[in-house]
Amino acid sequence: MNNTGHPSTSWYAATAHALPPLPALDGDAFADVCVVGAGYTGLGAALELASRGVSVVVLEAAQVGSGASGRNGGQVHMGQRNDQAWLEKTVGRDDALALWKMALDARSHLTATIAEHAIACDFTPGMIHARHKTGGEGEDLDHIEFMAARYGYHELELIDEDALAEELGTAVYHGGTRDNGGGHLHPLNLALGLAKAALARGVVIHERSRARAWRREGGRIVVETAAGRVLCDQLILTGDGYLDELAGGEARARVMPINNFVLATEPLGERAETIIRSNAAVADSRFVVNYFRKSPDGRLLFGGGENYRPGFPPDLPGFVRRHMLKIYPDLAEVKVTHAWGGTLGITVHRSPFVRELAPGVWAAAGYSGQGVMLAPWFGKLLADAALGETGGVELLSRLPTPPFPGGRLLRWPLTVAGLSWYALRDRL
């Protein structure tokens, strides 16, 4: 029996508070700052700049939120992508502390932005990290105590195996932690809400306006599309895994696109009450993470599996469903109503790539799955940098983002081989 249904779009798109189409760029436009990409980073930058009286034009190749910002798992993870112990060893105690404060600022900024602009994105608190292998409880406890003693963070709780099974409605995990500072939300509605707020502040957004190249001309930066140009003083490049040759060789060598996939089941009715009883988000400890949560109407939104080459699996619902049934085998007869994929950017050490690429040209990418909370704030930091306040970008630029090994010809097969090995370890 085929229970995958006939998904034709993402559940996010089907439940979005849509914007009317925004016109493509036609002819010349002028702005203090041009932003390329209408996702969280670009919209966060545009909103901050506009609130400070700066004129902004945003160029979006497709539609607002059509990239990773509108397709991701909607999970709000606290902190940077790497934990604080790793950061202390890598960049030192002072920078690690500053990066933790930055993450707290990002979390507060997300909440404040949602409230200030009345963005209806269903933010729900609670984030559970589930261990997929036995052992590790001591490491979890050490982490909880480390974060409390060294960073004053008291939102983490240990969950034992039995309690986690009762909470999640599955016995496949071996305990974990709950982070009361994390949570989940409707990611596309967050992006659309940011766009509406930016438009209300006077930002001009052009959809279906792919930026093809930029150059300096007469003391200004000229950004070209197929049908027009933007003449500006500063340029902010965003797009995460969709960042292309516009950002130059340095960014392309350090940010690798991969694809990740999500499904939505039909509403589960009373069965939903036994799955994730606290309505938190869940992510497990696999290298290729399974992540899942419930929608407001009682569906299971489940993300699982990824690939490392252009294109999605031909049977996308079936591909993700196999991962879901390893966690919830009793959902075998439940229909999948939607399934979709998206492209995100990763770096070698999973640290974000944030730089001034050239005088007045700024870029951010490589969130490695941590963008829901960090990207709007990083957009603000890029806006600050464009206005001469570069401290946040300078701190982020000290994070290690070496080139992927192999150069232009071999980096892709070498990276795929490495990622595939770690994915295999999940199954051992």
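The analysis underlying the following values was restricted to heavy atoms, covering all of them including side chains, and did not include hydrogens, waters or symmetry mates. Only a predicted model underlies this, so the values are computations on that prediction, with no experimental measurement involved. When a residue number appears, it is its place in the shown sequence, counting from 1.
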For [X] and [Y], does a side-chain donor sit closer than 3.5 Å to a side-chain acceptor?
{"X": "Asp240", "Y": "Thr41", "answer": "no"}
{"X": "Glu167", "Y": "Ser278", "answer": "yes"}
{"X": "Thr401", "Y": "Arg355", "answer": "yes"}
{"X": "His186", "Y": "Thr15", "answer": "yes"}
{"X": "Asn72", "Y": "Tyr291", "answer": "no"}
{"X": "Asn259", "Y": "Thr343", "answer": "yes"}
{"X": "His132", "Y": "Ser285", "answer": "yes"}
{"X": "His143", "Y": "Glu145", "answer": "no"}

Any salt bridge linking [X] with [Y]? Criterion: basic side-chain nitrogen under 4.0 Å from a carboxylate oxygen.
{"X": "Asp284", "Y": "Arg131", "value": "no"}
{"X": "Arg212", "Y": "Glu224", "value": "no"}
{"X": "Asp105", "Y": "Arg107", "value": "no"}
{"X": "Glu245", "Y": "Arg252", "value": "no"}
{"X": "Glu333", "Y": "Arg321", "value": "no"}

Would a distance-only check, ignoring hydrogens and angles, find a side-chain to backbone donor-acceptor pair under 3.5 Å from [X] to [Y]?
{"X": "Thr9", "Y": "Ala13", "value": "no"}
{"X": "Arg350", "Y": "Arg81", "value": "no"}
{"X": "Glu48", "Y": "Asp384", "value": "no"}
{"X": "Lys294", "Y": "Ile275", "value": "yes"}
{"X": "Gln80", "Y": "Trp100", "value": "no"}
{"X": "Trp214", "Y": "Leu246", "value": "yes"}
{"X": "Arg254", "Y": "Pro402", "value": "no"}

Could you give the side-chain donor-acceptor pairs of residues 154-163 under 3.5 Å, partners two or more places apart or in another chain?
residue	atom	partner	partner atom	Å
Glu157	OE2	Asn180	ND2	3.0
Asp160	OD1	Asp162	N	3.3
Asp160	OD1	Ala163	N	2.7

Of all heavy-atom pairs between Pro313 and Phe261, which one has the smallest distance, and what is that distance?
->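 Closest heavy-atom pair between Pro313 and Phe261: CD-CZ, 3.4 Å.
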Considering all heavy atoms, the nearest Ala227-Leu25 contact =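 Looking at all heavy atoms of both residues, the closest pair is CB-O, 3.5 Å.
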Quick check on the 6.0 Å ring-centre criterion: do [X] and [Y] meet it?
{"X": "Trp340", "Y": "Phe312", "value": "no"}
{"X": "Tyr328", "Y": "Phe302", "value": "no"}
{"X": "Tyr367", "Y": "Tyr40", "value": "no"}

In Å, rounded to the nearest 0.5 Å, how long is the span from [atom1] of [X] to [atom2] of [Y]?
{"X": "Leu325", "Y": "Asp330", "atom1": "CG", "atom2": "CG", "value": "9.0 Å"}
{"X": "Met127", "Y": "Arg178", "atom1": "CE", "atom2": "CZ", "value": "10.0 Å"}
{"X": "Cys121", "Y": "Leu185", "atom1": "SG", "atom2": "CG", "value": "5.0 Å"}

Check whether more than 12 heavy atoms from other residues, nucleotides or ligands sit under 6.0 Å from atom CG of Asp26, and answer yes or no.
->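 Check fails, neighbour count at 12 or below.
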Is it the case that more than 12 heavy atoms not belonging to Arg210 sit under 6.0 Å from its CZ atom?
->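 Atom CZ in Arg210 is not packed in, count stays at 12 or less.
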Partner set under side chain to side chain contact (heavy atoms under 4.5 Å, CB included) for Thr90, not counting sequence neighbours =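 Trp86, Pro400.
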Given the rule in the side chain to side chain donor-acceptor pair (under 3.5 Å) test, do Arg71 and Ser66 qualify, once you have shown the distances and angles that lead to the verdict?
-> CA-CA 7 Å; Arg71 304 188 191 195; Ser66 59; 5.4 Å; no
Quick one: does NZ or CZ of Arg93 land under 6.0 Å from the six-membered ring centre of Tyr151, within 45 degrees of the ring axis?
->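 Yes; both conditions hold, so Arg93 lies above the ring face of Tyr151.
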Please step through side chain to side chain contact (heavy atoms under 4.5 Å, CB included) for the pair Leu49 and Arg52, ending with a clear verdict.
-> CA-CA 5 Å; Leu49 289 164; Arg52 298 168 68 174; over 6 Å; no
Take His184 and Arg293 through the test side chain to side chain donor-acceptor pair (under 3.5 Å) and record every step on the way to the result.
-> CA-CA 8 Å; His184 58 95; Arg293 61 194 183 93; 3.1 Å; yes
